[in-house]
Amino acid sequence: MKTSWADSVENSVVGPDKNVLPRPSRSTYVPPHLRNRPPSSEPPVTSNSSLPANDRVNAGGPAVGSRWGSSAKPDIGRQGYGQGYGYSGRTGGGRNNRNGGWDHGMERQVNPFADDEATEDAFNEQENSGINFDAYEDIPVETNGENVPPPVNTFAEIDLGEELNQNIRRCKYVKPTPVQRYAIPISIAGRDLMACAQTGSGKTAAFCFPIISGIQKELQYIQRPRVARTAFPLALILSPTRELSCQIHDEAKKFSYQTGVKVVVAYGGAQISQQLRELERGVDILVATPGRLVDLLERARVSLQMIRYLALDEADRMLDMGFEPQIRKIVEQMDMPPPGIRQTMLFSATFPREIQRLAADFLSNYVFLAVGRVGSSTDLIVQRVEYVLESDKRSHLMDLLHAQRENGLYDKQGLTLVFVETKKGADALEHWLCINGFPATSIHGDRTQQERELALRSFKSGNTPILVATDVAARGLDIPRVAHVVNFDLPNDIDDYVHRIGRTGRAGKMGLATAFFNDNNLSLAKPLAELMQESNQEVPAWLTRYAAKASFGGGGGRNRKAGGARFGGRDFRREGSFTKGTEYYGGAAGAGAGYGVPASYATAYGSGVTSAWD
DNA sequence: AAAAAAG
């Protein structure tokens, strides 16, 4: 690697002006041997792992050819979705519009790849190698459901359409990731899907490709009702945070470039007027956060009656206590077509069983898919836990940051993401880091949307290579080059921990995750120790002792969420207690009639091999 | 108890 991207941006980051990484003043620095130590022997703070900084996600290499002529598989289980609107020609529309350009708007689309191409030269071949596909070998995969469509090995095996294939090439995706290999054929076949797969493994594309492809193929036949100032999207993608919705929107725009499929994003904290204007210009795929969407629905500026595809990203979060009522309102109490008419896809890295049960309401004869994390479990993330008293956390963090700089992680522009539990705590820690000379910023729900987006940009660019965050940044955000995730405050839920550390070690790259554990985190001891064990991490002896204590002390154990979801999970329909009998398969009675074969459960691995999934 | 998501 002669000229890495990191090198190429280094000047701008450690540049001549204010952004020189200042040496923190030593006045507040307490050397380790002068600090309070817990009675139990915690490992010394060694930042020995010289982990590579994350590279770009995109992969370079030969382009994939597209194969035309094969038509999509029959749309099993769907009753067509004309919904009373006849098929009719669409003016100037659709897939044969080789000139690209939106067929329902006069504006020209900005080339979303322009930036990439402009910076292309900054990447040499190695740096540009993108997704580390070796890390994807031997990943345990579990599928469950009736007549699960088989996986593919290349994008060319699926008829996604010429324009989408070209965009896939532009994104330099050489071959599908495991979740894409399985999820795309399932979606193309028209099946509902509940998928567990870590975000860094290509989940967004896994639900975007079938949606874009499906819409593009039918766009010219779809007649939407004409209601002034009401938009009728064909697909809805919901996510739990504004930044994640933005990210999905950006991705979806790349994938749909010159397909004639229009993507619009709507989220709170931003001017609604511009979003309304965008919607009026026409929308095929709406990406949104729940609150703003409810607002738009109540104003009747959006109708869901033409929704053909519904995707919930971070679906378990979307269905947890805070979000469930809003999601039910959107999905069940407005004008969205019911399961079986629309196609529904739920994605998350974690899927607790009770959430799966709730989610089943939204699905019809669905396929359950669990794909191991890149490198199966988290071999690519080195997890460390250190016992740190509350009063020692700040100086301990400073130790880590110092060590990191000495190991060159800063010089390579490795980013450090520090999670805290509260918004107040985020402000306080950001301030403390700044006055101690560390270039930090913060993101949390009490900051304005403008501040949030600025903070994220500044972090991503390496301008402020330390970001203090609440759980607003825990899920889904794809920030290349995050070399280190610090759980300054551990979350109470092991699933949140899984999502947080998943901000590093993405796209097959290595990452480091450090957690500060103390007596406030007792309830996490057992699940954390188990998780680390399962992902082949070294579990400190003191943590094992805490874990053992937690199991009889009460208070432990419950955190497992009923046998829960680790890196993936298990279809709750297989868990034996079918309190609702065969109801979950009931949708198949009519819909699956075309399938003259009995249900078969395709399982890629025997139960002995999938222990990580239990 | 906290965080997120509408204004």
Side-chain angles (χ1 to χ4, degrees), chain A residues 199 236-249 265-276 279 286-302 312-331 333-334 348-350 352 355 390 417-430 442-453 455-456 467-477 485 487-500 502-503 516 518-524 555 558-559:
Chain A
T199 313
L236 176 63
I237 301 173
L238 291 173
S239 95
T241 66
R242 298 162 181 176
E243 287 76 14
L244 186 51
S245 281
C246 284
Q247 179 182 300
I248 295 166
H249 173 243
V265 66
Y267 55 88
Q271 290 273 335
I272 201 168
S273 50
Q274 192 177 342
Q275 294 172 3
L276 289 172
L279 289 168
L286 177 59
V287 184
T289 49
R292 177 55 59 91
L293 178 60
V294 168
D295 189 356
L296 292 168
L297 291 168
E298 283 170 352
R299 298 177 189 219
R301 301 300 297 260
V302 169
L312 301 192
D313 201 4
E314 309 298 343
D316 59 333
R317 166 63 81 235
M318 304 300 276
L319 292 170
D320 80 6
M321 287 204 322
F323 271 121
E324 193 202 342
Q326 269 182 316
I327 300 301
R328 283 205 185 272
K329 174 163 189 173
I330 293 166
V331 176
Q333 290 154 33
M334 304 303 289
S348 183
T350 53
I355 304 281
E390 287 298 327
L417 181 51
V418 182
F419 281 105
V420 295
E421 202 50 29
T422 66
K423 295 178 276 199
K424 242 179 85 179
D427 282 336
L429 186 57
E430 177 204 4
S442 71
I443 186 169
H444 60 71
D446 273 356
R447 305 198 75 189
T448 67
Q449 192 53 28
Q450 208 176 8
E451 289 171 328
R452 285 166 58 160
E453 284 168 21
L456 200 55
L467 179 66
V468 182
T470 60
D471 270 331
V472 70
R475 284 173 172 260
L477 294 187
V485 169
N487 274 290
F488 189 88
D489 301 318
L490 274 164
N492 294 314
D493 187 324
I494 191 66
D495 286 345
D496 292 333
Y497 173 85
V498 169
H499 286 275
R500 286 178 177 187
R503 294 319 96 212
F516 295 174
N518 62 34
D519 284 20
N520 295 331
N521 311 115
L522 291 183
S523 69
L524 203 65
R558 283 183 332 212
N559 211 315

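Per chain, numbering begins at 1; letters A, B, ... match sequence-line order.
Not counting sequence neighbours, the partners of Phe488(A) by the ring pair (Phe, Tyr, Trp, His ring centres under 6.0 Å) test are Phe516(A). Looking at residues two or more places apart in sequence or on another chain, you find a side chain to side chain contact (heavy atoms under 4.5 Å, CB included) between Ala474(A) and Phe419(A), Asp471(A), Arg500(A). For Arg292(A), there are no salt bridge (charged side-chain N to carboxylate O under 4.0 Å, His left out) partners at least two apart in sequence or on another chain. For the side chain to side chain contact (heavy atoms under 4.5 Å, CB included) test, residues two or more places apart in sequence or in another chain that qualify with Lys329(A) are Val294(A), Glu298(A), Gln333(A), Met334(A). Residues meeting the side chain to side chain contact (heavy atoms under 4.5 Å, CB included) test with Asp489(A), sequence neighbours left out: Glu390(A), Lys393(A), Val420(A), Glu421(A).
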Nucleotide by nucleotide, 5' to 3', does protein get under 4.0 Å of the base (B), only the sugar-phosphate (S), or neither (-) in nucleotides 2-7 of chain B, counting heavy atoms?
SSBBBS
